[in-house]
Amino acid sequence: MQMNLFAEIRALVVESLADMATRGELPAGLDMANVAVEPPRDAAHGDMATNAAMVLAKPAGLAPRVIAETLAARLAADPRITTAEVAGPGFLNLRLAPAVWQGVVGAALTEGRDFGRSTLGQGTRVNVEFVSANPTGPMHVGHTRGAVFGDALAALLDFAGFDVTREYYINDGGAQVDVLARSAYERYREANGLDPEIAEGLYPGDYLIPVGEALKAKYGDTLLDRPEADWLAEVREFATAEMMAMIREDLALLGVRMDVYSSEKALYGTGKIEGAIDTLRGMGLIYEGTLEPPKGKLPEDWEEREQTLFRSTAHGDDVDRPVKKSDGSWTYFAPDIAYHYDKVTRGYDLLIDILGADHGGYVKRLKAVVSALSGGKVPLEVKLIQLVKLWKNGAPFKMSKRAGTFVTLRDVVEQAGADVTRFVMLTRKNDAALDFDFDKVLEQSKDNPVWYVQYAHARVSSVIRKATAAGIAADDATLAAADLAKLGHEAEIGLAKKIAEWPRLVEIAARGQEPHRIAFYLYELASDLHALWNRGNDDASLRFLQEGDAATSQAKIALARATGVVISAGLGILGVTPAEEMR
RNA sequence: GCCCGCAUAGCUCAGCGGAUGAGAGCGUCGCCCUCCGAAGGCGAAGGCCCCAGGUUCGAGUCCUGGUGCGGGCACCA
């Protein structure tokens, strides 16, 4: 069972309109798709408002207010609705009975963390590909944001009824893993007591030192003084595996778990790349040709060359893209084509790629590929993750590999903690740059949203502990059976109204693929709880715990607990652990 | 030159086409603890929602064109 009050009332509105149509008060066959039931911006206008009369006025050929008046009378007959007033140009403002809001509290308690779960996705199979960091070194802050966003988006879609696969694409097939192998080989020489020669272009990072030692442990000195051709493949294999192990550890630190790891290398030699390209060729989308030089400033070494090209312009790209280099080998784009083809053939209804903003120029060709290879049936959404700007001691923290101020995922998580890192990185839209201030993030005040939300949850736990200590049963089963009619004060009903928004918010966030909305909602919900909590200071009757009155206490604590349940569910989507107490 | 993103209070940012009052936090100025944790709450001041057109019954929100900032632009991944 699911409880989405806004959907329920909308259903009532649509049903009433259909009734009106059968009685001839409205023309038959009107399109109700645009009829909305939403919270009004100003709470003084009521609990919910519908635009039905405005939307239908034109197609029905009636004045909005006429429709609104008739609809109002009909809606007012429903026991859930106390008043229905026509306002402004034809809006209909509804007020709902207290019992409805009390019912929301009860639903949150009986459904627990499933309260708000939606069937919006209808089991749509969606593949979310994220992180996909090259296996050549540790993950840095940029990857961290992508990882957190992808994981939260996946969780959000899951909660909204999609069938979600989390996937990591390992770029282990290109030239960069050869560079990794050569870099690791130098560390291997170092481990054997020789001076490493970290030439320009190799990876200088210390993280390869243990890889060199591990190579020594495995191969002893047998790889020394041998031509590259003798060891490259083995060292590459070994080093790549080590890097992936490190990346998996980093992801685990953040609490990210993938369902599928796909390997680029595994596409080579299987005919998958050739197959994908041939499929495109069969559509007339592959040809031998020469690209126009780019407009504007020409690269120094520009020269015309004939290559195998993908006619991506036929699917919305700006220029066609090479799939083969002039020497006949594949470009990096070719395995990507095969990989996306693979995802399409695995039967997903929707593909989502999460990429860094520096890959923006890559989006159109990917969409072209998926569009071509799925016959336009599988949409590809690409979410670009903007930069993270680090701040420390009130100043921007410049990252430089050379200066050794390169900030890794591990650095961030060790300093800020996984919960804080995740929440903070989800307080911004993916396409806006994010400031990550190490000082603020660790602050314990309402300036720090994670802390503030955690504090609200801890307060709920605290009340329950105190109630239990005072001999008032406050377990979920007892609270769910509490006499919620005792929740009558507008401040209490107000909090229940905020809770009622949760299922609706989940759908909005999922539809927009915008997990940040969850974070902002939780902040607001926490704020409402803190406000009610403090009103207990002025008005003792608003305290959650009413000494000596178990029934009233249980009703009030049920409200607090319902809030806690929603915070807990929301934090669960964001991958943040709810706090039981603050320390 | 082209492509993508962003532009809302002094600062950092929310805002699913809805209503003659555009929100939050910080900062500034006030107020509230013999009281479930004040690590909190309440209030005040502070806005040509970048500019110009357009669509719509209705635009901060959608479209077009500007301006500013960021990112990307032949075989590198």
Side-chain angles (χ1 to χ4, degrees), chain A residues 34 36 38 40-42 44-45 49 51 54-55 57-58 64 87-91 93 134 136 171 173-177 179 264 290-299 301-305 307-308 317-319 321-333 335-336 356-364 382 384 386-387 427-433 435 437 440 443-449 451-452 455 458-459 462-463 465-467 470 504-505 507-509 511-512 514 516-517 519-521 523-524 527 530-538 540 543-547 581-582:
Chain A
N34 289 325
E38 4 177 68
R41 194 165 273 190
D42 185 346
H45 290 150
N51 61 356
M54 317 272 309
V55 172
K58 205 175 204 179
F91 288 100
N93 290 331
N134 283 342
T136 55
N171 285 108
Q176 79 283 1
V177 283
V179 174
E264 174 191 357
T290 323
L291 287 174
E292 298 273 318
K295 303 274 195 272
K297 55 187 176 199
L298 268 186
D301 55 344
W302 163 264
E303 57 181 71
E304 228 182 53
R305 44 184 162 238
Q307 296 172 281
T308 305
D317 202 354
D318 306 310
V319 290
R321 305 291 178 177
V323 297
K324 271 189 179 177
K325 302 177 193 173
S326 48
D327 68 4
S329 64
W330 298 117
T331 64
Y332 63 99
F333 185 37
D336 258 2
D358 54 342
H359 289 65
Y362 203 51
V363 174
K364 285 191 177 182
V382 179
L384 294 178
Q386 282 292 340
L387 285 180
T427 51
R428 201 102 316 166
K429 288 175 275 206
N430 62 287
D431 47 14
D435 286 336
D437 187 330
K440 270 195 176 167
E443 214 171 90
Q444 302 207 330
S445 74
K446 61 187 295 194
D447 190 18
N448 176 354
W451 179 86
Y452 188 73
Y455 183 31
R459 276 184 153 175
S462 163
V463 168
R465 282 194 300 268
K466 297 225 174 197
R504 182 169 177 273
L505 183 104
E507 295 192 348
I508 290 172
R511 208 174 285 131
E514 296 172 324
H516 75 277
R517 286 179 186 274
F520 282 96
Y521 169 81
Y523 187 86
E524 289 167 16
S527 178
H530 289 311
L532 177 57
W533 182 287
N534 268 80
R535 288 190 67 161
N537 290 343
D538 301 325
R543 294 184 194 173
F544 293 110
L545 185 54
Q546 300 287 320
E547 296 278 352
E581 57 183 338
M582 307 303 289

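In this text, all values refer to a predicted model and were calculated from it rather than measured experimentally. Labels below follow one simple rule: chain letters A, B, ... track the order of the sequence lines, proteins then strands, and each chain is numbered from 1.
- Within the shown strands, B:U12 is the pairing partner of B:A24 under the Watson-Crick or G-U definition, both distances less than 3.5 Å.
- Between the P atoms of B:G23 and B:A45, the separation comes to 12 Å (whole Å).
- Note that the NZ atom of A:K466 and the CZ atom of A:R543 stand 11.5 Å from one another [nearest 0.5 Å].
- Nucleotides B:C48 and B:G1, compared at atom P, are 32 Å apart to the nearest Å.
- Annotation: B:G65 and B:A22 have their P atoms spaced 31 Å apart (nearest Å).
- Taking the charged nitrogens against the carboxylate oxygens, A:R504 and A:E507 have no contact shorter than 4.0 Å, which rules out a salt bridge.
- Checked by distance alone, A:R305 brings a side-chain donor or acceptor within 3.5 Å of a matching partner on the base of B:A74.
- Distances from the side chain of A:K364 to the nucleotides B:G40, B:C4, B:A7 place B:C4 closest.
- The distance from the NE2 atom of A:H516 to the OG1 atom of A:T427 is 9.5 Å, given to the nearest 0.5 Å.
- For the pair A:Y455 and B:G41, the criterion of a side-chain N or O lying under 4.0 Å from OP1 or OP2 is not met.
- Here the nucleotide nearest the side chain of A:F91, chosen from B:G18, B:G15, B:A77, is B:G18.
- For B:A38, there is no paired base (Watson-Crick or G-U wobble, both distances below 3.5 Å).
- Between A:K440 and the phosphate of B:U12, there is no side-chain N or O to OP1/OP2 separation shorter than 4.0 Å.
- For A:K429, the side-chain atoms get nearest to B:A7 when compared with the rest of B:C57, B:A7, B:A74.
- In this structure, A:Y452 and A:H530 have tilted ring planes: the angle between them lies in the 30° to 60° band.
- When only modelled atom types and interatomic distance are considered, A:R517 and A:Y521 share no side-chain donor-acceptor pair under 3.5 Å.
- Distances were taken from every side-chain heavy atom of A:R504 (C-beta onward) to each of B:U56, B:C16, B:A19; the shortest belongs to B:C16.
- Relative to the ring axis of A:W330, A:K325 does not place its NZ or CZ within 45° and under 6.0 Å from the centre.
- The line from CG of A:N171 to OG1 of A:T136 is 9.5 Å long, rounded to the nearest 0.5 Å.
- The partner of B:A59 cannot be assigned: no Watson-Crick or G-U wobble pair with both contacts below 3.5 Å exists in any strand.
- With RNA chain B read from its 5' end, the first of the two nearest nucleotides for A:G173 and A:L545 is the one closest to A:L545.
- Listed nucleotides: B:A38, B:G15, B:A19. Nearest to the side chain of A:N93: B:A19.
- A donor N or O paired with an acceptor N or O is not found under 3.5 Å between the base of B:A38 and the side-chain atoms of A:N534.
- One interatomic measurement links the two molecules: CG of A:L384 to C1' of B:C6, which rounds to 12 Å at whole-angstrom precision.
- At whole-Å resolution of the value, CH2 in A:W451 and C1' in B:A38 are 10 Å apart.
- Pair assignment for B:G1: B:C73, on the basis of Watson-Crick or G-U wobble contacts that are both within less than 3.5 Å.
- Note on A:H516: a side-chain N or O is less than 4.0 Å away from OP1 or OP2 of B:G15.
- Remark: P of B:C13 and CD of A:E524 are 18 Å apart, rounded to the nearest angstrom.
- For the C1' atoms, the distance from B:G30 to B:C13 is 26 Å, rounded to whole Å.
- Rounded to whole Å, the C1' atom of B:G27 lies 8 Å from the corresponding atom of B:C11.
- Atom C1' of B:A44 sits at a distance of 23 Å from the matching atom of B:C49, rounded to the whole Å.
- Closest contact between the side chain of A:D318 and the listed nucleotides B:U12, B:G25, B:C3 involves B:C3.
- Pairing for B:C6 is with B:G68, a Watson-Crick or G-U wobble pair whose two hydrogen-bonding atom distances lie under 3.5 Å.
- Atom P of B:A14 sits at a distance of 12 Å from the matching atom of B:A9, rounded to the whole Å.
- When the nucleotides B:C13, B:A77, B:G5 are ranked by their closest atom to the side chain of A:N134, B:A77 comes out on top.
- In this structure, the nucleotide among B:C36, B:A24, B:G41 sitting nearest to the side chain of A:W533 is B:C36.
- Distance from the side chain of A:R517 is smallest to B:G15 among B:C75, B:G40, B:G15.
- Judged by closest nucleotide on RNA chain B, A:D435 is the one of A:A87 and A:D435 placed further toward the 5' end.
- Spacing of P atoms, B:G17 relative to B:C69, comes out at 30 Å, to the nearest Å.
- Atom C1' of nucleotide B:C36 and atom CZ of A:F544 are separated by 9 Å, given to the nearest angstrom.
- For B:C36, neither phosphate oxygen OP1 nor OP2 lies less than 4.0 angstrom from any side-chain nitrogen or oxygen of A:R535.
- Closest contact between the side chain of A:R428 and the listed nucleotides B:A14, B:A38, B:G72 involves B:A14.
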